[in-house]
Amino acid sequence: LIKEGCRVIAEEGGYRLVWVGFARNDPAKTVEVISSHGAEADYLRELGITWSDTPHGRGPTGTAIRTGEPAMCRNFLLDPKVAPWRDEALRHGLQSSLVFPLRNGAEVFGALSIYSSDANAFDKEEFDLLAELAEDLSFGIRSLRDKQERERAEVEAQRLYQEAKESRAALEVSEERYRRTLTDSAIGMALIDLDGRWIEVNPALCKIVGYERSELIGTSSVTITHPDDHSARSRRHEDFRAGRL
């Protein structure tokens, strides 16, 4: 999309060079060239453009990204803001430039930079047309990014769903093992809550104490504890609640 956008603007508008750069949030606030079209594309190799408030960030591209507003250089020979690149730009036949920020809402994520071989090249009609093209390009990039985000979210959701399925399957296996251990054991086993009420009992325990499961569930285990064992049972229960067991 970006490559084709640069080509159309350069060829249809007759501009010497068109390129798109993305603003990086690295310490130097560099501007990375994403795509370009034109006879002077090699001019971009050693530009060192940033969007920081430094000499290399105060040219049209850095200014457009930093301020979020279009920036124009009408004459490279006379504009002091392009001093870091003036000699190289003139050597490549570049005389003026117009740069539009690329936006995602309030966020500026890059810039569309357009260079002409003529000074004072951009009139009001050109400016308005190029501003519209820059907005179209921003919209296209935003749409593709949104699509990528949706696709990543769908992949992540599918991964989490698969993990949940696997966890559920493992839990079911664990629950089945627990159920079989509880029901098939010849040892009396039970679960009680923190208040000492029966939550679950196995058949072996019912046989030992002489009660049906339905008679025990929800009642206090104290009811079938021998009076001589109440003190010891109470101490163990308190130790358990205090985390000492």
Side-chain angles (χ1 to χ4, degrees), residues 1-104 107-141 144:
L1 173 68
I2 297 172
K3 182 178 180 180
E4 182 64 8
C6 290
R7 184 194 68 78
V8 169
I9 294 172
E11 293 183 0
E12 297 297 325
Y15 300 109
R16 196 166 184 86
L17 174 63
V18 178
W19 65 282
V20 167
F22 281 177
R24 299 307 182 196
N25 289 312
D26 55 1
K29 295 185 176 180
T30 54
V31 178
E32 179 185 357
V33 178
I34 301 301
S35 188
S36 65
H37 190 88
E40 307 303 326
D42 60 333
Y43 165 72
L44 302 173
R45 290 175 186 164
E46 304 296 333
L47 284 186
I49 293 178
T50 78
W51 56 281
S52 61
D53 192 11
T54 62
H56 276 77
R58 295 183 189 129
T61 299
T63 299
I65 292 173
R66 191 172 60 256
T67 66
E69 299 293 335
M72 183 185 300
C73 174
R74 295 188 178 277
N75 191 325
F76 277 23
L77 187 61
L78 304 176
D79 193 332
K81 292 187 179 67
V82 299
W85 315 282
R86 177 182 291 118
D87 292 344
E88 194 67 13
L90 295 177
R91 189 175 73 81
H92 283 81
L94 305 174
Q95 297 282 342
S96 60
S97 69
L98 175 59
V99 183
F100 293 94
L102 300 176
R103 295 178 171 278
N104 182 10
E107 174 202 5
V108 177
F109 61 83
L112 169 65
S113 300
I114 305 158
Y115 293 72
S116 174
S117 56
D118 300 318
N120 302 305
F122 304 98
D123 59 23
K124 177 66 166 58
E125 184 178 352
E126 277 183 286
F127 182 96
D128 291 343
L129 177 60
L130 291 170
E132 185 176 343
L133 290 173
E135 178 54 36
D136 290 343
L137 185 59
S138 290
F139 177 79
I141 295 171
L144 289 173

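For the single chain, residues carry numbers from 1 onward in sequence order. All values below were derived from every heavy atom in this structure, side-chain atoms included, with hydrogens, water molecules and symmetry-related copies excluded. The shown structure was predicted, so the numbers you read here are calculated from the model rather than taken from an experiment.
- Annotation: the span from Arg86 atom CZ to Leu94 atom CG amounts to 13.5 Å, rounded to 0.5 Å.
- Between the side chain of Ser113 and the backbone N or O of Val99, no donor-acceptor pair lies under 3.5 Å.
- With hydrogens and angles ignored, the 3.5 Å screen pairs no side-chain donor or acceptor of Arg66 with any backbone N or O of Thr50.
- To the nearest 0.5 Å, atom SG of residue Cys73 and atom CG of residue Asp79 are 4.0 Å apart.
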Exercise for the section: Output, in order, the C-alpha distance, side-chain angles, deciding distance and verdict of side-chain contact (heavy atoms from CB on, under 4.5 Å) for Arg58 and Asp53. Expected result: CA-CA 6 Å; Arg58 295 183 189 129; Asp53 192 11; 2.9 Å; yes
Practice task
Verify side-chain contact (heavy atoms from CB on, under 4.5 Å) between Leu137 and Phe100, making sure each step is shown before the conclusion.
Solution key: CA-CA 11 Å; Leu137 185 59; Phe100 293 94; over 6 Å; no
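- A donor-acceptor pair is defined here as one N or O able to donate and one able to accept, closer than 3.5 Å; such a pair exists between the side chain of Trp85 and the backbone of Leu47.
- Residues Tyr15 and Ile9 come closest through the heavy atom pair CD1-O, 3.4 Å.
- Proximity of a side-chain donor or acceptor of Arg24 to a complementary backbone N or O of Glu32 within less than 3.5 Å is not detected.
- Tyr115 and Phe76 have perpendicular rings, their planes meeting at more than 60° on a 0 to 90° scale where under 30° would count as parallel.
- When every heavy atom of Ile49 is checked against every heavy atom of Gly62, the shortest pair comes out as CG2-N, 4.3 Å.
- In terms of modelled atom types and a separation under 3.5 Å, the side chain of Ser52 and the main chain of Lys29 share no donor-acceptor contact.
- A distance of 7.0 Å separates CZ of Arg7 from CD of Glu12, quoted to the nearest 0.5 Å.
- A salt bridge does not link Asp87 to Arg91: none of the charged nitrogens lies less than 4.0 Å from a carboxylate oxygen.
- Nearest heavy atom pair, residue Phe122 against residue Ser116, reads CZ-CB, 4.1 Å.
- Here the closest non-hydrogen pair linking Pro101 and Val108 is CB-CG1, 3.9 Å.
- Taking CD1 from Ile141 and CG from Asp136, the interatomic distance works out to 11.0 Å, rounded to the nearest 0.5 Å.
- Trp51 contributes no side-chain N or O that, together with a main-chain N or O of Ala64, makes up a donor-acceptor pair within less than 3.5 Å.
- Within the model, atoms CD1 of Ile114 and OG1 of Thr61 stand 10.0 Å from one another, a figure rounded to the nearest 0.5 Å.
- When all heavy atoms of Leu102 and Ala134 are compared, the pair lying nearest together is CD2-O, 3.7 Å.
- Ser97 and Pro60 make their closest contact through OG-CG, 3.5 Å (heavy atoms, listed as atom of the first residue, atom of the second, distance).
- Checked by atom type and distance alone, the side chain of Arg16 never pairs as donor or acceptor with a backbone atom of Gln95 at under 3.5 Å.
- With rounding to the nearest 0.5 Å, the separation of OG1 in Thr30 from CZ in Phe22 is 13.0 Å.
- Shown here is Phe127, whose CZ atom has more than 12 heavy atoms of other residues, nucleotides or ligands within 6.0 Å.
- Exactly one residue among Leu1, Val18, Ile2 makes a side chain to side chain contact (heavy atoms under 4.5 Å, CB included) with Ser35. That residue is Ile2.
- With a 6.0 Å radius and a threshold of 12 heavy atoms from other residues, nucleotides or ligands, Arg74 has its CZ atom at or below the threshold.
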